[in-house]
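Taking it in order: structure first as structure tokens, then the write-up.
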Amino acid sequence: QVQLVESGGGLVQAGGSLRLSCAASGRTFSSYAMGWFRQAPGKEREFVATISWSGGSTYYADSVKGRFTISRDNAKNTVYLQMNSLKPEDTAVYYCAAYTTAQAMGVPHYWGQGTQVTVSS
């Protein structure tokens, strides 16, 4: 079992930055790929970024590429999402997710409770 707890969400003006953190506990964190997803009001949950177990491979949604950076610190069992140049359309609940594979494949197996990010124009 893996428990995921997100933090770092909040209200920010357009053009600003936020860093989300996701602390993991339970099974061996460093063995698994991790990801960030988001869900805006009235919309489906969507992929934002994933990172492999070692941090060597990262993937981003086109909508955030060049603005967001996913990273991880396996010594701290934590994954991060640095969000720069935020836009109002980035407003959503952001979810941390854990896969049960070293590379992000298929649907994540574990989910956090989510953290709200609101970007004002």
Side-chain angles (χ1 to χ4, degrees):
Q1 193 74 2
V2 174
Q3 293 78 43
L4 304 172
V5 179
E6 302 98 334
S7 61
L11 174 64
V12 64
Q13 287 189 331
S17 298
L18 281 175
R19 188 176 82 154
L20 305 183
S21 298
C22 172
S25 60
R27 297 179 66 181
T28 306
F29 170 80
S30 60
S31 299
Y32 302 114
M34 300 291 294
W36 288 96
F37 293 74
R38 67 186 182 186
Q39 187 169 18
K43 294 187 176 181
E44 297 287 320
R45 188 175 297 187
E46 65 176 5
F47 159 76
V48 174
T50 58
I51 187 167
S52 63
W53 70 277
S54 66
S57 296
T58 57
Y59 297 95
Y60 297 92
D62 287 343
S63 58
V64 306
K65 202 171 293 183
R67 299 187 299 121
F68 291 11
T69 302
I70 187 171
S71 61
R72 65 190 297 162
D73 185 337
N74 287 343
K76 296 182 178 180
N77 282 6
T78 302
V79 63
Y80 305 97
L81 185 68
Q82 178 67 44
M83 305 186 294
N84 298 329
S85 302
L86 282 161
K87 304 175 181 180
E89 51 264 44
D90 294 319
T91 295
V93 177
Y94 283 71
Y95 296 91
C96 175
Y99 294 80
T100 54
T101 51
Q103 302 288 336
M105 297 172 61
V107 178
H109 197 75
Y110 302 100
W111 295 88
Q113 83 288 350
T115 186
Q116 177 70 46
V117 171
T118 302
V119 184
S120 63
S121 57

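By convention here, the first residue in the shown sequence is residue 1.
Nearest approach of Ala92 to Ala40, heavy atoms of both residues: CB-N, 3.8 Å. Contact between Phe29 and Val79 at its shortest, heavy atoms only, is CZ-N, 4.1 Å. For the pair Asn77 and Asn74, the tightest heavy-atom approach, listed with the atom from each and the gap, is OD1-O, 3.1 Å. Contact between Tyr110 and Thr100 at its shortest, heavy atoms only, is CE1-CG2, 4.0 Å.
Hydrophobic cluster membership for Tyr95: Phe37, Phe47, Tyr59, Val93, Tyr99, Trp111 (Ile, Leu, Val, Met, Phe, Trp, Tyr linked by side-chain heavy atoms under 4.5 Å, directly or transitively). Alongside Tyr80, the hydrophobic cluster contains no other residue (criterion: ILVMFWY side chains under 4.5 Å).
Residue pairs satisfying the salt bridge (Lys or Arg N to Asp or Glu O under 4.0 Å) criterion with at least one member in residues 67-87, sequence neighbours excluded, are listed as follows: Arg67-Asp90. Sorted by first and then second residue, the disulfide bond (SG atoms under 2.5 Å apart) pairs involving residues 43-89 (not counting sequence neighbours) form an empty list. Within the structure, the salt bridge (Lys or Arg N to Asp or Glu O under 4.0 Å) test picks out no pair touching residues 52-61 (sequence neighbours left out).
Applying the side-chain contact (heavy atoms from CB on, under 4.5 Å) rule to Ala102 yields the partners Trp53; only residues at least two apart in sequence or on another chain are considered. Taking Lys65 as the reference, Asp62 meet the side chain to side chain donor-acceptor pair (under 3.5 Å) condition, with sequence neighbours excluded. The side chain to side chain donor-acceptor pair (under 3.5 Å) search around Gln39 returns none, not counting sequence neighbours. Qualifying side chain to side chain donor-acceptor pair (under 3.5 Å) partners for Glu46, counting only residues two or more places apart in sequence or in other chains: Arg38. In terms of the side chain to side chain donor-acceptor pair (under 3.5 Å) criterion, residue partners of Gln116 (sequence neighbours excluded) are, by chain and number, Thr118. The salt bridge (Lys or Arg N to Asp or Glu O under 4.0 Å) test applied to Glu89 returns no partner, not counting sequence neighbours.
Annotation: the span from Ser71 atom OG to Met34 atom CE amounts to 11.5 Å, rounded to 0.5 Å. The CD1 atom of Ile70 lies 11.5 Å from the OG atom of Ser57; values are rounded to the nearest 0.5 Å.
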Pairs of donor and acceptor atoms involving the side chains of residues 6-20, under 3.5 Å and at least two apart or interchain, shall be tabulated with distances.
unit_1 : atom_1 : unit_2 : atom_2 : d
Glu6   : OE1    : Gln113 : N      : 3.1
Glu6   : OE1    : Gln113 : NE2    : 3.3
Glu6   : OE1    : Gly114 : N      : 2.9
Glu6   : OE2    : Cys96  : N      : 2.8
Glu6   : OE2    : Gly114 : N      : 3.2
Ser17  : OG     : Asn84  : OD1    : 2.9

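Residues Val5 and Gln3 are not in side-chain contact: their nearest non-hydrogen atoms beyond the backbone lie 4.5 Å or more apart.
In summary, of the residues considered (Val48, Thr50, Val64), a side chain to side chain contact (heavy atoms under 4.5 Å, CB included) with Trp36 occurs for Val48 alone.
Between the side chain of Thr58 and the backbone N or O of Ile51 there is no donor-acceptor pair closer than 3.5 Å.
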